[in-house]
**Student:** 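Right, I'll just put the structure down here and ask away after.
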Amino acid sequence: MNIERISQSFLKKFPGDFSNNPMQRNTPKVLFSTIQPAGFDKPQLIAFNETLSEEIGLGTFEEKDLDFLVGNHLPDNVQTYATAYAGHQFGNWAGQLGDGRAILAGEITNTSGKRTEIQWKGAGATPYSRHADGRAVLRSSVREYLMSEAMYHLGVPTTRALSLAFTGEDVVRDIMYNGNPQLEKGAVVIRTAESFLRFGHFELMSAQQEYKTLQELLDFTIENYYPEITSSDTQKYKDFFESICTRTANLMVEWFRVGFVHGVMNTDNMSILGLTIDYGPYSMMDEYDLNFTPNTTDLPGRRYAFGKQGQISQWNLWQLANALHPLIKDEKFLENTLNSYGTYFWEAHDKMLCQKFGFDELKKDDEEFFTNWQGLMQELEFDYTLFFNQLEKLATGIDLKEHFSSISYSFLTDEKLGKLKNFIEKYEFRLNSNSISREESLQMMAKSNPKFILRNYLLYECIEEINNGRTEMLNKLTEALENPYKEIFPEFSNKRPSGYDDTAGCSTLSCSS
């Protein structure tokens, strides 16, 4: 691997703490602290993403590279650091947060000139660990490794995963926060992104009134990650804010398209590039439920439920607007931009649903159709992904009960079947108004509706196997997630087995790592 090509331009541009002191503390007026990974004596590689390694310029893995994958014995050119940021958590200002379990190696540039940041997760404590140990367990590491790659292949903007390795040590975690801590195998995942900058980095500098650093950080972001912005002075900051609003809305629409629920949409978990970031207590949707949250910490309020993700993203953008106001200095502009966010989001959302249903364009009565569909899905407890798969297979004279019973998490009574029949009749009537052929409609649906999603129960089974020294399911899931719009393994195209309904890690999760 070309580790010698890694550099740290961020350290040269912004104020930081270079003490390498891991003591957890406030670090005012800086954007990072240098810190050394903990180091692990008996690491063991579980998985390595060779394709991604080649793409970003790291090249081929060799056995000696295992040390780098867990942060051991680093060369002099890799000066490691953790960044400081702030954030609103569950709607409340939390002050300084920062990379409590993540340590950056820096960035690498490939032969095409594209830069990629490289970051360990679970490699030890940082000043921002908040009384934690900075370690990660196998459970959370496998989930991040697989899900970030699954989202990438689904076509959703995301961070990506390079490697997954055992650390050789055990970590104590209380998975359900119920006073029953247990030892779990430790692991480190390397994740990559064009940038890991978050809303929270800007919130921190603004809250501390470090406006010069705030402006330098925003200039850096625009120059490196928003090449489409060519304006100057205050206008470029306005253009940036409009762009991040659009990127964030588009990301939310993609989450809705594939049925992804993030679970913890705090402002410190919002990417300034519009990427899916920080895979914690997430879930792909099983039975359709707008009020579903996979995060036990989010109960009973369900602030981050599936159906609220558009609304919460707008709230988070309000917080970013407050942070950037000292630079933009135009309340009316910010207010108008944020007020128009909802309009843009719902138009994009409904156009996305048109593609999932195979409609040629958004028409006058489609909004009412979608509202009725949502009610039907919740009442009949249909599996979100499998419903659209079955919709693609509709044929004249088909037995609706037989066709849809296998994707419902409840019994289809005669009354429910009547409602389903009525809906299908309206759906077919709407299809007949298309200006495109049925074949073109089906092609559109096939591109929008995945045949495979990485369900929590599959992840649970995979983690159990890896814990027991087997990787067959890991390899199988990797192949499936790389081809989500094909049905490679039919056994994965089924709803969650009822035996997993109340199993921790299969339906709901905690923020514990």
Side-chain angles (χ1 to χ4, degrees), residues 249 252-261 283-293 302 305-311 342-343 345-396 398-436 438 440-451 453 493 495-496:
M252 296 301 108
V253 170
E254 286 298 294
W255 286 4
F256 276 93
R257 179 178 68 84
V258 300
F260 176 76
V261 195
S283 180
M284 297 301 287
M285 181 70 66
D286 290 315
E287 61 265 49
Y288 185 84
D289 182 1
L290 292 171
N291 207 33
F292 170 67
T293 178
R302 299 179 185 270
F306 176 64
K308 295 180 182 177
Q309 292 181 133
Q311 170 190 339
T343 301
F345 167 78
W346 284 114
E347 287 180 353
H349 174 273
D350 288 351
K351 288 178 181 177
M352 172 273 295
L353 281 181
C354 281
Q355 294 177 334
K356 288 181 75 67
F357 278 102
F359 298 162
D360 55 344
E361 60 181 352
L362 183 63
K363 295 185 178 179
K364 179 182 177 182
D365 296 330
D366 286 343
E367 185 175 340
E368 181 181 355
F369 175 87
F370 296 146
T371 300
N372 292 336
W373 162 75
Q374 289 177 329
L376 180 81
M377 290 289 288
Q378 297 214 171
E379 183 177 354
L380 274 58
E381 297 183 56
F382 278 156
D383 187 280
Y384 181 56
T385 299
L386 298 179
F387 171 79
F388 286 101
N389 293 169
Q390 292 300 89
L391 212 58
E392 291 179 41
K393 300 173 185 176
L394 275 180
T396 304
I398 200 167
D399 186 321
L400 292 181
K401 182 174 184 179
E402 181 180 345
H403 192 63
F404 284 99
S405 288
S406 64
I407 68 163
S408 176
Y409 289 85
S410 68
F411 179 73
L412 293 184
T413 64
D414 289 342
E415 181 183 359
K416 289 180 178 180
L417 282 170
K419 293 180 179 180
L420 174 61
K421 182 176 182 294
N422 180 259
F423 172 80
I424 295 299
E425 288 175 353
K426 291 180 178 178
Y427 173 59
E428 291 176 337
F429 179 81
R430 172 63 180 83
L431 281 178
N432 289 334
S433 71
N434 272 351
S435 60
I436 59 176
R438 182 54 179 155
E440 291 172 309
S441 174
L442 287 170
Q443 289 174 352
M444 181 190 302
M445 294 176 74
K447 292 178 181 178
S448 300
N449 299 315
K451 302 299 180 289
I453 58 167
S493 297
K495 68 177 189 283
R496 182 188 67 247

**Student:** Write down the atom of Gly358, the atom of Ser441, and the distance for their closest heavy-atom approach.
**Tutor:** O-OG, 2.6 Å
**Student:** Looking at every heavy atom in both Lys393 and Ile398, which two are closest together, and how far apart are they?
**Tutor:** O-CD1, 4.0 Å
**Student:** Please step through side chain to side chain contact (heavy atoms under 4.5 Å, CB included) for the pair Asp289 and Phe306, ending with a clear verdict.
**Tutor:** CA-CA 7 Å; Asp289 182 1; Phe306 176 64; over 6 Å; no
**Student:** According to the salt bridge (Lys or Arg N to Asp or Glu O under 4.0 Å) rule, which pairs have a member within residues 376-389, sequence neighbours left out?
**Tutor:** Glu379-Lys419, Asp383-Arg455
**Student:** Would the number of heavy atoms belonging to other residues, nucleotides or ligands and lying under 6.0 Å from CD of Glu402 be above 12?
**Tutor:** no
**Student:** On a heavy-atom basis, which atom in Ala305 and which in Leu290 lie closest, and how many Å separate them?
**Tutor:** CB-O, 3.7 Å
**Student:** Could you tell me whether Asp399 atom CG has more than 12 heavy atoms of other residues or ligands within 6.0 Å of it?
**Tutor:** yes
**Student:** Using the side chain to side chain contact (heavy atoms under 4.5 Å, CB included) rule, take Phe429 and Phe369 through it: C-alpha gap first, then chi angles, then the decisive distance, then the call.
**Tutor:** CA-CA 11 Å; Phe429 179 81; Phe369 175 87; over 6 Å; no
**Student:** Which heavy-atom pair separates Met352 from Val253 by the least distance, and what is that distance?
**Tutor:** CB-CG1, 3.6 Å
**Student:** Identify whether the distance between the nearest side-chain nitrogen and carboxylate oxygen of Arg496 and Glu287 falls below 4.0 Å.
**Tutor:** yes
**Student:** For Gln374, look at atom CD and say whether over 12 heavy atoms of other residues, nucleotides or ligands are found less than 6.0 Å away.
**Tutor:** yes
**Student:** Between Phe370 and Trp346, is the ring centre distance below 6.0 Å?
**Tutor:** no
**Student:** So, for Gln355 and Ser448, which heavy atoms are closest and what is the spacing to 0.1 Å?
**Tutor:** CB-OG, 3.4 Å
**Student:** Does Ser408 reach the side chain of Lys416, with side-chain heavy atoms less than 4.5 Å apart?
**Tutor:** no
**Student:** Hey, mind stepping through Val258 and Thr385 against side chain to side chain contact (heavy atoms under 4.5 Å, CB included) and telling me if it holds?
**Tutor:** CA-CA 7 Å; Val258 300; Thr385 299; over 6 Å; no
**Student:** By the definition ring-ring contact (aromatic ring centres under 6.0 Å, His included), identify the one residue from Tyr409, Tyr427, Phe382 that meets it with Phe387.
**Tutor:** Phe382
**Student:** Looking at Gln378 and Asn291, what are the two nearest heavy atoms and their distance?
**Tutor:** OE1-N, 4.4 Å
**Student:** Looking at Lys421, Lys426, Glu428, which one forms a side chain to side chain contact (heavy atoms under 4.5 Å, CB included) with Ile424?
**Tutor:** Glu428
**Student:** Does the plane of the ring in Trp255 sit parallel, tilted or perpendicular to the ring in Phe260? Use 30° and 60° as the thresholds.
**Tutor:** perpendicular
**Student:** Assert yes or no for the condition that the ring centre distance of Phe388 to Tyr384 is strictly below 6.0 Å.
**Tutor:** yes
**Student:** Under a 4.5 Å cut-off applied to non-hydrogen side-chain atoms, are Cys354 and Asp366 in contact?
**Tutor:** yes
**Student:** Are more than 12 heavy atoms, taken from residues, nucleotides or ligands other than Glu415, located less than 6.0 Å from that residue's CD atom?
**Tutor:** no
**Student:** Assess the residue pair Ile436 and Met444 against the criterion (side chain to side chain contact (heavy atoms under 4.5 Å, CB included)); give the C-alpha distance rounded to whole Å, side-chain angles, the decisive distance to 0.1 Å, and a yes or no.
**Tutor:** CA-CA 10 Å; Ile436 59 176; Met444 181 190 302; 3.8 Å; yes
**Student:** Run through Lys351, Arg430, Arg438 and flag the one making a salt bridge (charged side-chain N to carboxylate O under 4.0 Å, His left out) with Asp360.
**Tutor:** Arg430
**Student:** Is it the case that atom NZ in Lys363 sees more than 12 heavy atoms from other parts of the structure closer than 6.0 Å?
**Tutor:** yes
